[in-house]
Amino acid sequence: MTEAQQILLFPSRTVSELVEDIEKLNKEIQELYCLDDIPWIIGVSFGKDSSAVLQLIWYAIAALPLEKRTKTIHVITTDTLVENPIVAAWVRKSLKQLKAGSEEQKMPIEPHLLHPSVQGTFWVCLIGKGYPSPRNGFRWCTDRMKIQPVNQFIREMVRGHGETIVVLGTRKAESSKRAATMKKHEVGRLRDRLSPNAHLPNSLVYSPIEDWRNDEVWIYLNQWENPWGGNNKDLFTMYRGATADNECPLVVDTSTPSCGSSRFGCWVCTMVNQDKSMEAMIQNDEEKEWMQPLLDIRNELDIQNDHDKRDFRRIYGKVELFERNVEGEISVQNIPGPYTKFWREHWLRRVLEAQTKIRKTAPLEMGEITLITLEELSEIRRIWLEEKHEFDDSLPKIYQEVTGEPFEDTRPFDERKLLGNDEWDVLQTICENDTMHLELMSKLLNTERQYYTKPRRTGIFIDIDKCFDTSSRIKEEAIDNAHYQRQVKTALETVKNDPHEIHQIREAIATIEDPDKLPDTNPKNIRENPGKKGDKNKQSSWADMKYPLLNLIEDKPIEE
């Protein structure tokens with residue numbers, strides 16, 4: 001929301017009126033805190049809004065006598081492990097100051113630094129599983145990296161205490177969408193600024209500064225000293241350094257920019273057109289030029305069409321189609337899947353190269369910056385070996401090539417492997433660079449290896465079937481087969497009320513002599529032309545022989 005929109009929707013207040021509102025909030029916070037034993041959870045990022053809320057609550061509770069400070073206030077913040085390094089350092093420093101200040105002043109405040117599970121981190125999902133960089137149609141990052149860790153903490157508090165109050169620095173002036181969402185939740189309010197949590201039962205959301213404007217937040221932070229030992233002037237400077245014009249003035253008229261529009265977040269974020277805050281930091285401060293490798297990786301990930309880097313199948317190995325409308329022309333295309341092996345290894349190299357470089361160029365106070373943790377690398381290695389069946393085990397080799405150090409896995413790993421890089425090289429030679437043949441053979445061999453040491457081999461045939469289901473066709477044949485299945489389904493739907501017609505279509509499909517030679521793909525011609533004899537020299541795939549087209553007709557809708 002622009003400054004002009006804020007002024008129109010939220011009328012300007014004088015400093016004395018703001019002071020009066022702060023005094024009212026002080027009493028409101030004290031009354032709400034002393035009302036019951038429901039624990040409080042303050043969600044902070046140590047940006048301007050959450051810092052203002054935390055400061056308001058600190059001052060209010062500090063004014064209470066010690067005997068009334070009986071209820072613990074939990075302060076939580078999430079480190080996604082891909083935060084802007086400057087902001088991440090600021091958060092770690094702020095947490096230490098908060099902990100020290102609360103102990104010194106006998107405040108009932110307990111800070112917590114949350115992290116996503118190793119299975120849900122950005123690099124494990126992108127490099128390990130091959131998820132494409134996040135887009136509006138597939139925004140997989142926010143839930144795994146931010147929402148789930150917070151929700152898990154809140155649920156644990158609810159299980160232990162029955163209910164909880166979550167305090168947030170959300171403001172209607174942040175955006176029109178945020179204002180509309182907050183307005184919607186006001187319907188079920190129990191009292192002013194206390195709303196039910198739509199996603200978590202038995203938790204209420206308290207938003208004390210919901211009606212404040214950006215300039216009022218900055219006035220408060222600059223005029224009231226940080227009570228836990230932090231420095232609000234440093235926060236102001238950090239915001240100013242993240243604006244393109246290197247300024248962060250208070251609003252004096254509708255044309256004056258405000259650093260309220262500066263947004264800090266993950267340095268890998270591709271949900272925005274460009275990372276303006278990091279670009280501004282590098283541009284405005286020579287001492288921050290060491291972050292350029294991060295910006296380069298982020299921009300490399302952020303391309304409109306990355307289909308050439310991704311598999312033609314979904315992550316579970318199935319070809320799925322969607323209808324695409326381009327300027328009135330409708331075409332049916334396959335949905336691209338995860339990054340291929342080559343590109344997953346490429347991104348691993350890029351991240352390790354950037355980490356190695358910035359550890360040499362970053363200032364000493366930043367410490368040993370870690371872009372990808374050893375726990376993440378270990379999980380990526382496990383996914384490549386066990387789920388992707390890539391038994392060449394390339395991660396330790398890439399790690400040593402880039403860093404010059406041996407990779408030390410954080411989990412026990414059996415180095416007495418039946419299959420390794422030498423066997424992979426032999427298999428590549430045998431397959432003559434046929435990627436689908438190589439994939440099928442590696443899956444079959446590694447599936448057998450995984451069952452080799454098990455006392456019972458129950459399930460091995462099911463897993464072998466899965467190998468053929470996903471990897472027995474070359475790209476063109478698999479896509480053609482998906483189109484044919486779709487057209488057969490369409491033909492069946494057009495005659496769904498005529499059992500005789502359905503029977504004719506099924507009989508026509510069943511008479512195909514060579515499953516690899518698909519019949520006429522025009523639905524209206526399926527009955528008349530069930531298929532021609534295929535090339536006798538062409539060998540049918542195992543999956544085709546086991547699963548004739550008749551059994552491949554499915555009732556599942558096409559995924560968009």
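For clarity, every value in this text was computed on a predicted model and none was experimentally measured.
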Separation of I335 CD1 from I315 CD1 (nearest 0.5 Å): 13.5 Å
Go through the steps for E375 and S378 under the test side chain to side chain donor-acceptor pair (under 3.5 Å), then give the verdict. CA-CA 5 Å; E375 288 75 18; S378 178; over 6 Å; no
Evaluate side chain to side chain contact (heavy atoms under 4.5 Å, CB included) for N222 paired with K233, printing each intermediate quantity in order. CA-CA 7 Å; N222 282 302; K233 297 293 190 298; 3.7 Å; yes
Full working for side chain to side chain contact (heavy atoms under 4.5 Å, CB included) between L204 and I38: CA-CA 10 Å; L204 298 172; I38 299 175; 5.9 Å; no
Should the pair F236 and W218 be assigned to parallel (<30°), tilted (30 to 60°) or perpendicular (>60°) ring geometry? perpendicular
Under a 4.0 Å threshold between the charged nitrogen and the carboxylate oxygen, would D302 count as salt-bridged to R135? yes
Heavy-atom check, side chain of H74 versus side chain of H112, under 4.5 Å: yes
State, with a plain yes or no, whether a side-chain heavy atom of I380 is found less than 4.5 Å away from one of I372. yes
Distance-only, no hydrogens or angles: does the S102 side chain make a donor-acceptor pair with backbone N or O of M107 under 3.5 Å? no
Which label fits Y131 and W140: parallel for a plane angle under 30°, tilted from 30 to 60°, or perpendicular past 60°? perpendicular
Testing the 3.5 Å rule here: is there a donor-acceptor pair between the side chains of W212 and D49? no
Taking all non-hydrogen atoms of both residues into account, name the closest pair between A354 and I297 and its distance. CB-CD1, 3.6 Å
Taking atom NZ of K71 as the centre, report whether more than 12 heavy atoms of other residues, nucleotides or ligands fall under 6.0 Å from it. yes
Audit row: E23, K27, salt bridge (charged side-chain N to carboxylate O under 4.0 Å, His left out) steps and yes/no: CA-CA 7 Å; E23 291 174 352; K27 293 179 181 178; over 6 Å; no
Under 3.5 Å, side chain of R144 to main-chain N/O of F122, donor-acceptor pair present? no
4.5 Å side-chain heavy-atom contact, D296 and R350: yes
Nearest-0.5 Å distance that lies between atom CZ in R359 and atom OG1 in T370: 4.5 Å
Is any NZ, NE, NH1 or NH2 atom of the basic residue among E345 and R349 found under 4.0 Å from an Asp or Glu carboxylate oxygen of the other? no
Is E225 atom CD crowded by more than 12 heavy atoms from other residues, nucleotides or ligands, each under 6.0 Å away? no
Can you tell if the side chain of W224 reaches within under 4.5 Å of the side chain of I22, non-hydrogen atoms only? yes
Does K93 have more than 12 heavy atoms from other residues, nucleotides or ligands lying within 6.0 Å of its NZ? no
Set out, in order, the CA-CA distance, both residues' side-chain angles and the distance that settles side chain to side chain contact (heavy atoms under 4.5 Å, CB included) for W267 and M291, then state yes or no. CA-CA 10 Å; W267 65 266; M291 291 196 296; over 6 Å; no
Verify the distance criterion only: is there a donor paired with an acceptor across the side chains of N232 and Q55 at less than 3.5 Å? yes
So, Q105 side chain and P227 main chain: donor-acceptor pair closer than 3.5 Å or not? yes
Atom pair OG1 (T70) and NZ (K68), whose distance is rounded to the nearest 0.5 Å: 10.0 Å
Supply the atom-to-atom distance F407 CZ to L377 CG, rounded to the nearest 0.5 angstrom. 5.0 Å
Check whether any side-chain N or O of Y239 sits under 3.5 Å from a backbone N or O of K48 as a donor-acceptor pair, and report yes or no. yes
Under 30°, 30 to 60°, or over 60°: which ring-plane class applies to W343 and H346, parallel, tilted or perpendicular? perpendicular
Over 60° means perpendicular and under 30° means parallel, so classify the ring planes of W58 and W228, tilted if in between. tilted
Short side-chain to backbone donor-acceptor contact, W290 and K360, under 3.5 Å: no
Under the 3.5 angstrom rule, does the side chain of R139 hit a backbone N or O of P134 as a donor-acceptor pair? no
Has T164 got a side-chain atom pairing as donor or acceptor with S203's backbone, closer than 3.5 angstrom? no
Name of the residue among E376, E386, E379 meeting salt bridge (charged side-chain N to carboxylate O under 4.0 Å, His left out) with R411: E379
Could K172 and D211 be called an ion pair, given the rule that one side-chain N must be under 4.0 Å from one carboxylate O? yes
Is K357 salt-bridged to E353, cutoff N-O under 4.0 Å? no
Considering all heavy atoms, the nearest A60-Q30 contact: O-NE2, 2.9 Å
Can you tell me if R69 uses its side chain to pair, donor with acceptor, with the backbone of K106 under 3.5 Å? yes
Give a yes or no on whether the ring-centroid distance for F46 and W90 is below 6.0 angstrom. no
Tell me, do T121 and T373 make a side-chain contact under 4.5 Å, heavy atoms counted? no
Any idea how Y33 and W40 line up, ring-wise: parallel (<30°), tilted (30 to 60°), or perpendicular (>60°)? perpendicular
Residues E216, R171: salt bridge by 4.0 Å N-O rule: no
Scanning both residues in full, the closest heavy-atom pair of L348 with W384 reads CD2-CH2, 3.9 Å
If you apply the rule side chain to side chain contact (heavy atoms under 4.5 Å, CB included), what do you find for C266 with M145, and how did you get there? CA-CA 10 Å; C266 302; M145 294 158 51; 4.1 Å; yes
Has D308 got more than 12 heavy atoms of other residues, nucleotides or ligands less than 6.0 Å from its CG? yes
Does some side-chain heavy atom of I73 sit less than 4.5 Å from a side-chain heavy atom of I61? yes
Validation row: I383, K129 side chains within 4.5 angstrom (heavy atoms): yes
For the residue pair P111 and K99, what are the closest heavy atoms and their distance? CG-CB, 3.9 Å
Output the distance between atom NE2 (H161) and atom CD (E156), rounded to the nearest 0.5 Å. 11.5 Å
If only atom types and distance count, is the side chain of R381 paired as donor or acceptor with the main-chain N or O of L395 below 3.5 Å? no
Say whether, by atom type as modelled, one donor and one acceptor occur between the side chain of S50 and the main chain of S45 under 3.5 angstrom. yes
With a 4.5 Å cut-off on side-chain heavy atoms, are V268 and W123 touching? yes
